[in-house]
Amino acid sequence: MATIRLTLPDGSVREVPAGTTARQVAQSIGAGLARAAVAARVDGQVRDLDRPLTADAPFAILTEKDPASLDVLRHSAAHILATAVRELFPTAAIGFGPPIEDGFYYDFGVERPFTPEDLTAIEAKMAEVAAKDYPFVREEVDRAEANRRFRDDPLKLERIADLGDDEVISVYTDGPFVDLCRGPHMTGTGRLKHFKLLSAAGAYWRGDSRRQMLQRIYGTAWWKKEDLEAYLHRIEEAKKRDHRKLGKELDLFLFHPFAPGAAFWTERGTSLYNTLNAFMRELQRDGYQEIRTPLLYNKGLWEISGHWGKYRENMFLVHNNETGEQDMSLKPMNCPSHHLLYGSAKHSYKALPIRYSTYDVLHRNEVSGALSGLTRVRQFAQDDCHIYLMESQIPAEVKTLTRFILDYYTTFGLKATLKFATRPEQRIGSDEMWDRAEGALRAALEATGLPYELKEGDGAFYGPKIDFDVADSIGRTWQLGTIQLDYAAPERFDLTYVGEDNSEHRPVVIHRAVNGSFERFIAILIEHFAGAFPLWLAPEQVRVLPIADGQADAAGQVVAQLRNAGIRATLDASNNTLNYRIREGEMAKVPYMAVVGQREADAGTVAIRVRGAGNKQEILPLADFQARLLADIGARALKP
RNA sequence: GCCAGCGUAGCUCAGGGGUAGAGCACUCGAUUCGUAAUCGAGCGGUCGUGGGUUCAAUUCCCACCGCUGGCUCCA
């Protein structure tokens, strides 16, 4: 019998007869490992423990400690969910049931949507299925057999029809349930112990709104009870810092039914907004030209830009009283108007790069169901910038931009990771052009020294791009900034510059955004800081509290002096107890409270209470306090 | 847009076919207080909007508006 060579993670090689299963290898290494084994990684692919090994390969046993084993657990949990649903709803059609981040889902075609009571019953049935510890049995079948087995399952038949002829069709059975499935799965249903169903929602078959709607059940599953509890706790914590809740509590913004998807910014919210904008303006003081362009355009512009075709349904069209037609639109993006401005004059190669920046209001007609707080809105402003430059200037420019964006995030304590998206199938431009463009972007990425993820084929049709993902204080990630090379727009808008040779050349355009939109970025900041903004961002930086009426004037003078120094200070001399006012200040998450009692009034000092630090007061001369505030604001310190 | 849930005072929520309640906020009065809620009184709602069923609707039904979750991280 032939032997095969398995290379273990420690570099050692084991020779075993071909046909040996991963479980047998695990047993030969140790009984403990065999018990802990969930699946195997063979040649980079996660596989069932009981599949025979047929060729030389790098080999590793996956245990519960390996993050990849969670996908196996969750995918198996999805099957167990389907098993339970089929027990309770025998006619349910079955769609897809993959593992997802933190959990799994499964789609079902049922007569009526699931109710919360259904979920409770299904969850209980899942526990029964798990307790029975049905083995997951894998079989390979041919197409005819697959079609026969799933003849009552139109959704599965459709999937089978999509499979290529060279693909192995596999089927997994656990107890009464059989599913078309690529696998892998854990050995038996009994390993599912810590799980919870979370929600049910409609979901289009294959995400296509023209197809039938299925009912999706979401759940989560973990190896350890503590992990499940920690995850549920994390969901609760995330709810507590939900920007929609905090936005109301901290009086930052509101939404009104008369303007769905467009925020009203209160004084405090506007302060936050303006502070961010001022910061961006300061960073772009040199080398950028801030411009403003119209909000409303004739369709002619959108025909040139290409938006009038496919993107029109996302634009707010405006009725023209003279033509009687909706032949105008509010701008959904700034680029076309920037191109018009660039094209309105001759530009020397000596003037490049030209960087236009804009904070204009944009409108996009998002479908009603997509709106959500500040993160999905119909009206917003980007920190938008378009850079016109020669191709030879791309490497240096991208490097500078990347640094700029990363430094910006660091100011907020946000950690960024990078994604590099290269040429898609459908694209314009020559391969040489793409080679140069991708090379320039890649070089800039390498120069940061940061890890980046390669997203091959994920670029725009007009050029490659770098996307910036940011992780907030509770580990969620958001896609924020972007650097996109655009070779198409200069053609469409016939943009040129005059080169050294005195003839006209095409510039390249870079689209750059850092915040994405101010609205969404503020939402992220609210959740990142849980509403407790660092001093420099806080709408109210200092709240001054006289202890009693006798110190009201002295406290008022403290406020006046701080405000003269440009500090956002307020006075709370209301007729409430000091305890009450302290509580109010803490709940408003004001970074500093400055208490002025008779001792302080006499001595020209203030008693400082730092947000969240309890009653560890510090008494210092007003001038010192002011100096400290100004230093921290100037440094954009993250604490307090 | 589609599926589901929700919409009761400024906020958080209870209630439920016989024309509504709590806490906080707000107003007034008393209290002048040393680091997370002083006491008392009062004001406040055509129960999202429109229609229907009914002797009677905030409650049941329908439509609309808005909000929330979800709508391929491919068997």
Side-chain angles (χ1 to χ4, degrees), chain A residues 71 74-75 78-79 82 94-107 110 112-116 118 146 150 153 155-163 167-172 179-183 198-218 239 242 244-245 248-249 251 254-261 313 365-373 545-552 573 575-588 593-600 607-619:
Chain A
D71 273 356
R74 289 167 184 164
H75 188 188
H79 276 238
I94 47 178
F96 294 167
I100 55 175
E101 188 173 353
D102 294 333
F104 60 91
Y105 68 78
Y106 213 113
D107 289 339
V110 281
R112 60 164 178 85
F114 295 112
T115 63
D118 291 336
F150 295 99
D153 257 311
L155 305 178
K156 292 289 173 186
L157 290 176
E158 181 178 329
R159 183 70 190 93
I160 293 167
D162 289 344
L163 290 169
E167 288 184 83
V168 172
I169 301 178
S170 57
V171 167
Y172 281 80
D179 201 357
L180 176 74
C181 180
R182 188 174 48 191
L198 299 174
S199 61
Y204 295 109
W205 170 232
R206 304 199 136 182
D208 185 341
S209 57
R210 291 164 302 190
R211 306 291 302 266
Q212 67 173 296
M213 181 160 277
L214 305 177
Q215 295 303 320
R216 175 171 299 178
I217 296 177
Y218 283 93
K239 271 188 202 155
D242 188 315
R244 293 166 300 198
K245 180 167 135 62
K248 208 179 290 180
E249 288 173 5
D251 190 27
L254 62 90
F255 286 91
H256 193 280
F258 285 161
E313 60 193 32
N365 196 0
E366 304 283 352
V367 295
S368 58
L371 301 179
S372 179
L545 312 179
I547 287 180
D549 286 352
Q551 301 95 42
N575 181 22
N576 286 308
T577 60
L578 181 65
N579 273 334
Y580 183 90
R581 286 175 288 152
I582 294 273
R583 180 179 145 83
E584 294 258 288
E586 287 287 349
M587 291 201 306
M593 277 180 270
V595 176
V596 178
Q598 199 52 51
R599 294 199 293 270
E600 289 76 19
I608 304 308
R609 180 185 165 116
V610 182
R611 175 184 58 205
N615 62 352
K616 286 179 275 189
Q617 57 174 319
E618 188 183 344
I619 296 172

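Lettering of chains follows the sequences in order, A, B, ..., and the numbering in each one begins at 1.
A donor-acceptor contact under 3.5 Å links the side chain of A:Glu600 to the base of B:G34. With hydrogens and angles left out, the side chain of A:Tyr204 and the base of B:G1 share a donor-acceptor pair within 3.5 Å.
For RNA chain B, if you chain together Watson-Crick or G-U pairs that step i with j, i+1 with j-1 and so on, the runs of at least three with distances under 3.5 Å are B:1-7 with B:65-71, B:10-13 with B:21-24, B:26-30 with B:38-42, B:48-52 with B:60-64.
When distances run from any side-chain atom of A:Ile582 to the nucleotides B:U35, B:G70, B:C67, the shortest one goes to B:U35.
For the pair A:Lys616 and A:Pro98, nearest-nucleotide mapping onto RNA chain B gives the more 5' position to A:Lys616. Take the nearest nucleotide of RNA chain B for A:Lys248 and for A:Gly550: the residue whose nucleotide is more 5' is A:Lys248.
Remark: the backbone N or O of A:Gln551 is not paired with any side-chain donor or acceptor of A:Gln598 at under 3.5 angstrom. A donor-acceptor pair under 3.5 Å links the side-chain atoms of A:Glu600 to the main chain of A:Gly597, judged by distance alone.
A:Glu584 places its CD atom 13 Å from the C1' atom of B:C11, with the value rounded to the nearest Å. To the nearest angstrom, C1' of B:G34 lies 6 Å from CZ of A:Arg599.
Residue A:Arg244 places at least one side-chain N or O under 4.0 Å from the OP1 or OP2 atom of B:G69. The side chain of A:Arg609 contributes an N or O atom lying less than 4.0 Å from OP1 or OP2 of B:A36.
On the C1' atoms, B:U58 is 9 Å away from B:U19, given to the nearest whole Å.
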The contact string for nucleotides 37-50 of chain B, one letter per nucleotide 5' to 3', using protein heavy atoms under 4.0 Å with B, S and - for base, sugar-phosphate only and none, comes out as BB------------
